[in-house]
Amino acid sequence: MESDLVRELIERWRGDPGSTYQSWFLWEERLKNFRSIRRGISQVVAEIEAGTFGAAYRGSSLEIIVHSVAEQRQIFKGADHAFLWKPKLRIPDIYENADNQRAFGRLLHHCSCCDTAEEVVAGIHAIDRQKIKGLGPAVANLLYFLHPTLVPPFNTAIVKGYNAVTGANVKLGSWEHFLTMRAGILDLNDRYRDLLSNDLGAVGGLLFDIGSGRFPAPPRSDSTENARDWTAMLDETRAQAQKLDKAIANQKESDRTHGEIQSWLRDLGLALGYDVWIAANDRGRLHEGLPLGSRCLDSLPHAIATAQGSDAIRLIDVLWLEHSTAMVAAAFEVEHSTSIYSGIVRMLDLALSSENLHLSTALFLVAPDAREADVRAQLRRPAFSRIGDLDISYLPYSELERHQTAIARFGSGLKAIKAIAHQLP
């Protein structure tokens, strides 16, 4: 493998607006989902340990988590396929077989609690010894969200990309082959760490883009002719890809709309006399030339910043806080296209933090009008049984857009915005 060509490929990949590096790895919403997916994995483990998980994938807490992973843009598209119950093959055999289900739960629990690569690999060896039919390395996509610096993501395209770059012959469905690929990915990542990241999602995205055909793998022969042919192929591939980037353009439009809604809520909160907090990873994002965090709090009050679940609370899209008490009066999660589940989990983290300090906070899921049915369906799941104790509402985009100016001019407190929202669940 010619290192100079690999370096050239990574540099081009990083600069391509349609690459997974630009469209997923640097995506502002990406990191928000880590905590919610981790919390969901804990829910799956708890249900398996209690014997309440059930014998079906549909409607289970596992389905919620895997669906959240699959929504992580193109690199995880189809992540749910491996977990869907195939009745004719009776796989993956973790729904009807209670012993296999408990072994799966032990793997998730073990990897949730451990800290080292050796411990994670030991957990993988333990599940491999169980020889559970249909439960293979696709589980690594869950483990990645627990340990992104230790476990790379996994799918067919990543395997194809790895084989193309290294000349290996890794096969799908084998934990042994996955661990071999993992070792090779760590070596590749170490050699080009200055262009990649400690987070193995970056190198995983690179291999995905190669395996899915967006970028050709460099020739493993260092002949000048091979290198010249590969460079020409790379240029041609890039030109073709530019014509096929409608999905990337749609994602950028989604991000723009998300920021626009945040700006509406920011301005409305300030007009009503509240202090406003914008999600920590969104404050510097520009909307109409200004950072979303302009005129907003630079830090959360100490009681909130040190509360249990504060890592998730600081990522809630918009918070309105009372001047006098620094208490959160209202919290808003904008769910334009991302997983509704993640926003609900962050709301729960706020409401149940600091010994129920924020149980009286008004919670709003802000989303396109067409997503209301999805929101209500999610809230009916057993995993969200505590929602019934909270003041949570659905705020459609259309109502917010129609009434925001009048509320800002004539409104007081939360009465007007509650009037245009729909009570949940």
Side-chain angles (χ1 to χ4, degrees), residues 13 16-34 36-38 40-41 57-58 60 62-86 91-92 134-146 148 151-164 170 172-173 178 181 185 197 199-215 237 240-255 257-258 335-343 368 370-371 374 378:
W13 171 75
D16 180 357
S19 71
T20 53
Y21 185 76
Q22 293 282 347
S23 65
W24 171 70
F25 190 73
L26 298 182
W27 180 37
E28 295 285 352
E29 296 294 306
R30 183 178 76 94
L31 295 179
K32 283 189 176 184
N33 290 311
F34 272 77
S36 59
I37 291 171
R38 288 168 180 167
I41 289 173
Y57 174 73
R58 292 296 187 189
S60 71
L62 179 62
E63 183 190 19
I64 299 174
I65 291 305
V66 175
H67 185 62
S68 296
V69 172
E71 286 186 338
Q72 284 274 298
R73 295 199 165 171
Q74 66 266 49
I75 186 172
F76 288 106
K77 185 178 181 181
D80 54 340
H81 292 169
F83 294 92
L84 293 171
W85 175 239
K86 288 84 174 173
I91 60 172
L135 191 74
V139 177
N141 287 327
L142 300 181
L143 304 186
Y144 166 73
F145 285 92
L146 294 173
V151 182
F154 174 90
N155 59 29
T156 303
I158 291 173
V159 171
K160 288 176 63 177
Y162 176 77
N163 288 339
V170 169
L172 294 166
F178 170 78
M181 183 179 75
I185 286 176
S197 170
D199 184 329
L200 298 177
V203 66
L206 170 68
L207 297 176
F208 174 87
D209 282 343
I210 295 170
S212 61
R214 187 176 184 94
F215 291 90
T237 300
Q240 292 175 349
Q242 286 179 326
K243 302 176 183 178
L244 302 175
D245 280 343
K246 291 182 179 178
I248 302 302
N250 290 338
Q251 289 171 358
K252 289 181 178 178
E253 175 63 19
S254 171
D255 292 343
T257 303
H258 187 281
E335 303 300 343
H336 182 72
S337 60
T338 52
S339 171
I340 294 167
Y341 170 83
S342 304
R371 297 200 83 185
D374 292 339
Q378 289 283 9

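In this chain, numbering begins with 1 at the start of the sequence shown.
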By side chain to side chain contact (heavy atoms under 4.5 Å, CB included) - contacts of [X] (at least two apart):
{"X": "K77", "answer": "none"}
{"X": "A82", "answer": "A138"}
{"X": "L146", "answer": "R38, I41, C111, S112, L143"}
{"X": "Q22", "answer": "S19, L26"}

**OP:** With sequence neighbours left out, write down each residue that passes salt bridge (charged side-chain N to carboxylate O under 4.0 Å, His left out) with D199, or none if nothing qualifies.
**Re:**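 Scan of D199 (salt bridge (charged side-chain N to carboxylate O under 4.0 Å, His left out), adjacent residues dropped) gives R30.
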Nearest heavy-atom pair of [X] and [Y]: which atoms, and what distance?
{"X": "S23", "Y": "G18", "value": "OG-O, 4.1 Å"}
{"X": "S36", "Y": "I65", "value": "O-CD1, 4.1 Å"}
{"X": "G204", "Y": "P153", "value": "CA-CG, 4.2 Å"}

Looking at side-chain heavy atoms only, is the closest gap between [X] and [Y] below 4.5 Å?
{"X": "L62", "Y": "L142", "value": "yes"}
{"X": "F208", "Y": "F215", "value": "no"}
{"X": "W13", "Y": "I210", "value": "no"}
{"X": "D374", "Y": "E335", "value": "no"}
{"X": "L172", "Y": "F154", "value": "yes"}
{"X": "F145", "Y": "F76", "value": "yes"}
{"X": "V203", "Y": "P152", "value": "no"}
{"X": "L207", "Y": "K160", "value": "no"}

Excluding sequence neighbours, so at least two apart, what forms ring pair (Phe, Tyr, Trp, His ring centres under 6.0 Å) with [X]?
{"X": "F25", "value": "Y21"}
{"X": "Y162", "value": "none"}
{"X": "F83", "value": "none"}

**OP:** Could I get the full list of side chain to side chain donor-acceptor pair (under 3.5 Å) partners for N163, not counting sequence neighbours?
**Re:**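 In terms of side chain to side chain donor-acceptor pair (under 3.5 Å), with neighbours along the sequence ignored, N163 is linked to no residue.
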Original post:
In chain order, what residues pass the side chain to side chain donor-acceptor pair (under 3.5 Å) check against N141, with sequence neighbours excluded?
Top reply: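 For N141, no residue satisfies side chain to side chain donor-acceptor pair (under 3.5 Å) once neighbours in sequence are set aside.
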**OP:** Please round to the nearest 0.5 Å and tell me the distance separating atom CZ of R214 and atom CG of D16.
**Re:**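 The CG atom of D16 is 4.5 Å from CZ of R214, to the nearest 0.5 Å.
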**OP:** Take L84 and E63 through the test side chain to side chain contact (heavy atoms under 4.5 Å, CB included) and record every step on the way to the result.
**Re:** CA-CA 9 Å; L84 293 171; E63 183 190 19; over 6 Å; no
Original post:
If only atom types and distance count, is the side chain of N155 paired as donor or acceptor with the main-chain N or O of I75 below 3.5 Å?
Top reply: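 Looks like yes, one N/O pair under 3.5 Å.
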